[in-house]
Amino acid sequence: MTTAARPTPAHMPRRRPGAPAAKEAPPRPPAHREPWQKAILASSLPANFRFVAIALSTHADGAGQIAQQPRLIGLVHNTGINARQVAVALTALRDRGFLRLSPPGGRYDTADLILTMPLGAAARAHRANNRSNADA
């Protein structure tokens, strides 16, 4: 019995030159600070990533807006963690949907940081909060 070969990227049809790329999802609105913090604390992110996230959230108002951007250097000063480690934490937060940059693709030392809530994160944080209240 022979099985068909699995397709590889080489088997995929090529995009026509000038064809539009896949549409990007519209950016999520900023997340409110308190639910965002709960979602961060309930996440499976490493402890130092959560620390950077909470340090970032101290710069946000209740609605999640960060008027005075801390930028990379501000987070280094707030946390005492070196710049490369803070940048890795910010990248993980961005990749998991907890953060976006304005302009997209900007650098952490110049771009504005915007708190966003990934899909399902608020529900996970709510469930974790309910479990901890039931244990108390």
Reported CD1-to-CZ distance for the pair Ile40 and Arg96, which is rounded to 0.5 angstrom:
9.5 Å
To check you understand the geometry: which heavy-atom pair defines the closest contact between Gln69 and Ala111, and what is its length?
OE1-O, 4.3 Å
Please indicate whether Gln85 has more than 12 foreign heavy atoms, meaning atoms of other residues, nucleotides or ligands, lying under 6.0 Å from its CD.
yes
Could you go through Leu90 and Leu101, starting from their C-alpha distance and side-chain angles, then the distance that decides it, and tell me whether this counts as side chain to side chain contact (heavy atoms under 4.5 Å, CB included)?
CA-CA 10 Å; Leu90 293 174; Leu101 298 170; over 6 Å; no
Could you tell me if the side chain of Arg71 sits less than 4.5 Å from the side chain of Asp112, heavy atoms only?
yes
Quick one: are Asn48 and Thr79 in side-chain contact, heavy atoms under 4.5 Å?
no
Do you know which two heavy atoms are closest between Phe98 and Ala39, and how far apart they sit?
CE2-CB, 3.9 Å
Steps toward side chain to side chain contact (heavy atoms under 4.5 Å, CB included) verdict (Asp109, Ile73):
CA-CA 7 Å; Asp109 53 356; Ile73 194 70; over 6 Å; no
Of all heavy-atom pairs between Gly62 and His32, which one has the smallest distance, and what is that distance?
O-ND1, 3.3 Å
Note, Ser43 side chain near Phe49 side chain (heavy atom, < 4.5 Å):
no
Minimum heavy-atom distance Asp61-Arg33, with the two atoms named
O-CB, 3.5 Å
Please round to the nearest 0.5 Å and tell me the distance separating atom CD1 of Ile54 and atom CG of Asn78.
12.5 Å
Shortest non-hydrogen pair, Ile66 vs Pro70, comes out as CG2-CD, 3.9 Å
Check each of Leu93, Leu99, Leu72 against Leu113 using the side chain to side chain contact (heavy atoms under 4.5 Å, CB included) test, and report the only one that passes.
Leu99
What are the two closest non-hydrogen atoms of Gly97 and Thr116, and how far apart are they?
O-OG1, 2.7 Å
Arg94 and Thr91, any side-chain heavy atoms less than 4.5 Å apart:
yes
So does Ile114 get a backbone contact from the side chain of Arg100, meaning a donor-acceptor N/O pair under 3.5 Å?
no
Does Met117 offer a backbone N or O that forms a donor-acceptor pair with the side chain of Trp36 under 3.5 Å?
no
